[in-house]
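Below: one structure, written as structure tokens.
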Amino acid sequence: MGGLSMGQAFVQAPEHRPKPTVTEATGIPLIDLSPLASGDAAAVDALAAEVGAASRDWGFFVVVGHGVPAGAVARATEAQRAFFALPAERKAAVRRSEAEPLGYYESEHTKNVRDWKEVYDLVPREPQPPAAVADGELVFANKWPQALPGFREALEEYVKAMEELAFKILELIVRSLNLRPDRLHGFFRDQTTFIRLNHYPPCPSPDLALGVGRHKDAGALTILYQDDVGGLDVRRRSDGEWVRVKPVPNSFIINVGDIIQVWSNDRYESAEHRVSVNSARERFSMPYFFNPASYTMVEPVGELVSEENPPRYDAYNWGDFFSTRKNSNFKKLDVENIQIAHFKKSAAA
């Protein structure tokens, strides 16, 4: 990150600083998705029940047997390392701005404290730009680095595999709620999905900073690939303690996002998580944020509400929510950034 020095902007408030030792979590659901390939209805139902229990009890789970080709993952991770190894001025050439939120960035804020990391964001599908961009309208066009052979091809291959996996997971979640398997697919026709490449350099004061501060993911699902260094911490529901998610070879971590929480009318809850850093080893990860169309009005699914179980949220527009969230992550604001709690109906609060 161009020799980043440890300034005040990175320092977490005392109550949010990581403890010197974080317990390694036990009991995190590890789900083998290979029965999906068999097409056996009973096996798929059993898998959906497992995914439902994990979404309810943890808000996240680890998947293996997912069918994502190992070669696609290897090529994407090589491309990621090659990009972050570029000189600072080459990375700055594809830097993001407030109006163009894709590309390279090294001063992301979470809960208004600067994160110890550098990132590169891109979208799998670039939306057709309007003839004229209105004032304040965000432009989602990828900024591909020049003269980095194979970078674009590797990431395009990877995001294609991620989308296939995302729809499989979405369908299992939907089945677990006893809905029609493709009930939510329509929301993703013009999706606002994006992928982020993260690089967390060694940190001189890992007891004061976080790679990513505590947060919940705003979208529908996140599929995370992490290297073997580890550092992902999740707040355990049962006791509120932060626990470390041990890297499992050839796996992905699936995070239930806020939109699934709202669609499920609180049957499932998104997990609060953060990333701790260390002073010895750099860490790389790639989250794929699976998000619906910007025009989506997010509200509890009709089949899941009734007189006995009324809707717990007012409808909100995903595009507006996402833009507000993006802007508050971009700069340090004095107010807490937007959360789904703002749309909770008062009786359900």
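These numbers were taken from a predicted model, which means no experiment stands behind them.
Counting all heavy atoms, side chain and backbone alike, Ala54 lies closest to Ile31 at CB-CD1, 4.3 Å. Residues Ser270 and Gln261 share a closest heavy-atom pair of N-OE1, 2.9 Å. In terms of heavy-atom proximity, Trp242 sits nearest to Asp233 at CZ3-O, 3.5 Å. When all heavy atoms of Pro310 and Asn265 are compared, the pair lying nearest together is O-ND2, 3.1 Å. Considering all non-hydrogen atoms of both residues, Arg175 and Ala48 come closest at CB-CB, 3.8 Å. For the residue pair Pro35 and Val44, the shortest heavy atom distance occurs at O-CG2, 4.4 Å.
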Let's go through Arg96 and Glu100 carefully: what are the C-alpha distance in whole Å and the side-chain angles of both, what is the deciding distance for salt bridge (Lys or Arg N to Asp or Glu O under 4.0 Å) to 0.1 Å, and is it a yes or a no? CA-CA 6 Å; Arg96 90 185 199 194; Glu100 298 178 355; over 6 Å; no

Salt bridge (Lys or Arg N to Asp or Glu O under 4.0 Å) for Glu118 and Lys91? Distances and angles first, verdict last. CA-CA 10 Å; Glu118 54 180 344; Lys91 290 184 282 194; 3.1 Å; yes

Which is it for Asp121 and Tyr105 under the side-chain contact (heavy atoms from CB on, under 4.5 Å) test, yes or no, and what are the steps along the way? CA-CA 8 Å; Asp121 290 346; Tyr105 199 52; over 6 Å; no

Go through the steps to decide whether Tyr104 and Tyr120 satisfy the test ring-ring contact (aromatic ring centres under 6.0 Å, His included), and finish with yes or no. CA-CA 4 Å; Tyr104 174 73; Tyr120 173 84; 8.0 Å; no

side-chain contact (heavy atoms from CB on, under 4.5 Å) evaluation trace for Thr77 with Met286: CA-CA 8 Å; Thr77 55; Met286 287 190 292; 3.7 Å; yes

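Hydrophobic clustering (ILVMFWY, side-chain heavy atoms < 4.5 Å, transitive): Phe60 and Val64 are in one cluster. Residues Ile253 and Leu30 are members of one and the same hydrophobic cluster, defined by side-chain heavy-atom contacts under 4.5 angstrom among Ile, Leu, Val, Met, Phe, Trp and Tyr. Val305 and Leu177 fall into different hydrophobic clusters, where Ile, Leu, Val, Met, Phe, Trp and Tyr side chains are chained together by heavy-atom contacts under 4.5 Å.
Partners of Tyr295 according to the ring pair (Phe, Tyr, Trp, His ring centres under 6.0 Å) rule, which considers only residues two or more places apart in sequence or in another chain, do not exist here. Among residues two or more places apart in sequence or in another chain, the side chain to side chain donor-acceptor pair (under 3.5 Å) test is passed with Tyr268 by Ser176.
No donor-acceptor pair under 3.5 Å is formed between the side chain of His199 and the backbone N or O of Leu197. For Asn255 (side chain) and Gly257 (main-chain N/O), no donor-acceptor pair under 3.5 Å exists by modelled atom type. Using modelled atom types, one side-chain atom of Arg235 and one backbone atom of Gly240 make a donor-acceptor pair closer than 3.5 Å. One N or O on the side chain of Gln191 and one on the backbone of Phe188 form a donor-acceptor pair closer than 3.5 Å. Thr193 places a side-chain N or O within donor-acceptor distance of the main-chain N or O of Asn291, the cut-off being under 3.5 Å. Using modelled atom types, one side-chain atom of Gln80 and one backbone atom of Asn198 make a donor-acceptor pair closer than 3.5 Å. A donor-acceptor contact shorter than 3.5 Å links the side chain of Arg237 to the backbone of Arg56. Counting only distance, with no hydrogens or angles, the side chain of Asn142 and the backbone of Trp144 share no donor-acceptor pair below 3.5 Å. With hydrogens and angles ignored, the 3.5 Å screen pairs no side-chain donor or acceptor of Arg196 with any backbone N or O of Ser285. Between the side chain of Thr296 and the backbone N or O of Pro292 there is no donor-acceptor pair closer than 3.5 Å.
Taking CG from Leu36 and CD from Glu171, the interatomic distance works out to 8.0 Å, rounded to the nearest 0.5 Å.
Under the 30°/60° scheme for interplanar angles, the aromatic rings of Phe252 and Tyr158 are found to be tilted. Note: His185 and Phe167 have tilted aromatic rings, judged against thresholds of 30 and 60 degrees for the angle between ring planes.
Of the candidates Asp258, Asp266, Asp314, Lys344 forms a salt bridge (Lys or Arg N to Asp or Glu O under 4.0 Å) with just one, namely Asp266.
Residue Asp32 places its CG atom among more than 12 non-hydrogen atoms of other residues, nucleotides or ligands, all under 6.0 Å distant. The environment of CD in Gln146 is sparse: at most 12 heavy-atom neighbours from other residues, nucleotides or ligands sit within 6.0 Å.
In this structure the side chain of His215 never reaches within 4.5 angstrom of the side chain of Glu272, judged on heavy atoms. Taking the side chain as every heavy atom from C-beta outward, Trp263 and Val298 approach each other to under 4.5 Å. Using a 4.5 Å heavy-atom cutoff, the side chains of Arg281 and Asp227 are not in contact. Looking only at side-chain heavy atoms (C-beta outward), Met162 and Val68 come within less than 4.5 Å of each other. Side chains of Pro247 and Val229 form no contact here, defined as non-hydrogen atoms less than 4.5 Å apart. Annotation: side chain of Trp58 is in contact with side chain of Pro29 (closest heavy-atom distance under 4.5 Å). Looking at Tyr288 and Leu221, their side chains never come closer than 4.5 Å, going by heavy atoms from C-beta outward. Residues Lys143 and Arg95 have side chains not in contact (no heavy-atom distance under 4.5 Å, counting atoms from C-beta outward).
Under 4.0 Å is where a charged nitrogen must lie from a carboxylate oxygen, and between Lys160 and Glu156 no such pair does. Look at Arg183 and Glu303 and you find a salt bridge, because one of the NZ, NE, NH1 or NH2 atoms lies within 4.0 Å of a carboxylate O, short of that distance. Of the charged side-chain nitrogens involved, at least one lies within less than 4.0 Å of a carboxylate oxygen, so that Lys216 and Glu269 count as a salt-bridged pair.
For Phe321 and Tyr316, the gap between ring centers is short of 6.0 Å.
Using modelled atom types, one finds no donor on one side chain facing an acceptor on the other under 3.5 Å when comparing Trp318 with Ser294.
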